[in-house]
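Just so we're clear, the structure is a prediction, and the values are computed from it rather than from any experiment. Residue numbers count from 1 along this sequence.
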Amino acid sequence: MSLAIKANRLTPYMFLLPAGIVMILALLYPIGYMIYASFLDWSPSQRIGQAEFIGIRNYINLLGDAAFRESFWVTIRFAAIVVTLEMIVGVGLAMLLDRNIRGMVLLRTVFILPMMIAPIVVGLMWRYMFHPTVGIFNRMLKSFGFEGIPWLADSTWAFIAIVIADVWQWTPFIFILALAATQSLPRSALEAAEIDGANEWQKIVMIKLPLMMPVLIVTLMLRLIDVFKVLEVILVLTNGGPGLSTEILALRIFRTAQEFQELGEAAAMSNMLLMMLMVLTIGMFVYNRVKEAHVAQRRAVIEKDND
């Protein structure tokens, strides 16, 4: 093999080398550092080299920690509820606004405004709205003769409050991606369905949603990953209370490192959260590949029938 051919084969890898080095330094090194820290009894007053190596004791302690288990289940419940609501509302709005109506561009712009607001501001805004005496919700209830709701003082209502705030802020993310997926659908398939006498609901169920499924699965995966990292809004809104009713894992990790000064235990929690997200991501990625193949086959059949 000539030197020129070898050089041509190595050229793409040489172009990728700088990006690979940056990825190793910016991604793999911090993850490795965090994994190593999780095996230490480490406090902020020590350098990492001075910390005592304790093996998997941090992980064992976490499995026996009732507060950690409670935060874990709060996180699972919170993620399941908000992502389900956001997918339903976001996809529904995308279907509703996928039409040529006067003023629709302005309406779409209004719908995406919440996700542009800083999380700290969102938390403060909803905290004032949920205020027991001057908050808008309790004032509206009292104007109709009802008693005010202890939004942030009761465990159940506090959980509902953080769900409302998250759904309000992040439904636009689902809406944008679902609307883009709707507008990229083959018009020929929809026109064929209209010729066959399909109504709007039948087109959504039989044509639009099946063809949009790969995009919706990726959207769901991105939102699931992000919802496990929610911190600022809940920190400002409830600070995890009352009790542990709204303390999700991201907030538990923050408090363990910042307030309890247990960096090794916080690193162990982060690793467990990372592993959970990796399992979810890989599972949804595999499922998405299967769905993409199915949708490609469906598109081919539709195009063949149209021809």
Side-chain angles (χ1 to χ4, degrees), residues 27-85 119 152 154-163 166 220-287:
L27 180 64
L28 298 182
Y29 177 75
I31 291 176
Y33 194 89
M34 184 174 65
I35 292 173
Y36 173 65
S38 69
F39 298 117
L40 304 175
D41 182 10
W42 183 24
S43 67
S45 60
Q46 300 172 300
R47 293 200 303 262
I48 192 169
Q50 298 173 326
E52 179 187 358
F53 183 84
I54 58 174
I56 62 172
R57 193 189 305 168
N58 283 326
Y59 294 94
I60 295 172
N61 291 341
L62 287 178
L63 294 177
D65 185 359
F68 172 76
R69 293 199 301 270
E70 178 66 20
S71 296
F72 175 82
W73 290 117
V74 168
T75 305
I76 296 296
R77 190 165 70 251
F78 175 75
I81 293 173
V82 298
V83 173
T84 300
L85 291 174
L152 305 180
D154 178 80
S155 298
T156 302
W157 285 111
F159 186 83
I160 293 172
I162 65 172
V163 168
D166 193 86
L220 175 64
M221 180 175 65
L222 293 174
R223 189 67 198 108
L224 266 177
I225 292 172
D226 197 52
V227 81
F228 279 96
K229 301 182 296 179
V230 173
L231 176 62
E232 296 95 334
V233 173
I234 298 177
L235 182 65
V236 173
L237 198 55
T238 65
N239 195 28
L244 300 177
S245 60
T246 61
E247 186 183 70
I248 64 171
L249 275 178
L251 182 54
R252 184 71 184 174
I253 293 169
F254 171 78
R255 296 181 67 182
T256 301
Q258 185 73 18
E259 297 178 19
F260 308 147
Q261 306 284 295
E262 294 287 348
L263 299 182
E265 192 170 316
M269 288 186 201
S270 300
N271 291 332
M272 295 177 75
L273 179 59
L274 177 63
M275 289 299 298
M276 184 168 59
L277 292 176
M278 286 181 63
V279 171
L280 279 172
T281 303
I282 292 171
M284 295 186 69
F285 177 78
V286 172
Y287 181 74

N/O donor to acceptor pairs below 3.5 angstrom from side-chain atoms of residues 225-236, sequence neighbours left out:
unit_1	atom_1	unit_2	atom_2	d
D226	OD2	R223	NH1	3.0

Identify each donor-acceptor pair in which a side-chain atom of residues 261-270 lies under 3.5 Å from a protein atom, sequence neighbours left out, and give them as a table.
unit_1	atom_1	unit_2	atom_2	d
Q261	NE2	Q258	O	2.7
S270	OG	A266	O	3.0

For A158 against G241, the heavy-atom pair lying closest together: CB-O, 3.9 Å
CG on L152 to CD1 on I160, rounded to 0.5 Å: 11.5 Å
Side-chain (D166) to main-chain (I162) donor-acceptor, under 3.5 angstrom: no
side-chain hydrogen bond (donor to acceptor under 3.5 Å, both in side chains) partners of residues 237-251, not counting sequence neighbours, each pair once: S71-E247, T238-T246, E247-R252, E247-R255
Spacing of E259 atom CD and F254 atom CZ [to the nearest 0.5 Å]: 7.0 Å
Parallel, tilted or perpendicular: ring planes of F39 versus F53, cut at 30 and 60 degrees: tilted
N58 side-chain N/O to L40 backbone N/O, donor-acceptor pair under 3.5 Å: yes
Inter-residue atom distance I248.CD1 - F159.CZ, 0.5 Å rounding: 9.5 Å
Contact summary for D41 and Q46, nearest pair of heavy atoms: O-OE1, 3.5 Å
Gap between atom CD1 of I56 and atom CG of L62 - 0.5 Å precision: 11.5 Å
For the student: nearest non-hydrogen atoms of L277 and L224, plus distance: CD2-O, 4.4 Å
Selection residues 271-283 - residue pairs positive for side-chain hydrogen bond (donor to acceptor under 3.5 Å, both in side chains), sequence neighbours left out: S38-N271, Y59-N271
Residue F285 excluded, over 12 heavy atoms near CZ under 6.0 Å: no
Test side chain to side chain contact (heavy atoms under 4.5 Å, CB included) applied to V163 and F78, step by step: CA-CA 7 Å; V163 168; F78 175 75; 4.0 Å; yes
Listed partners of T156 passing side-chain hydrogen bond (donor to acceptor under 3.5 Å, both in side chains), at least two apart: none
Partners meeting side-chain hydrogen bond (donor to acceptor under 3.5 Å, both in side chains) with Y287 (sequence neighbours left out): none
Side chain to side chain, L63 and M272, heavy atoms closer than 4.5 Å: yes
Atom pair CG (L249) and OG1 (T75), whose distance is rounded to the nearest 0.5 Å: 3.5 Å
N61 and F68, any side-chain heavy atoms less than 4.5 Å apart: no
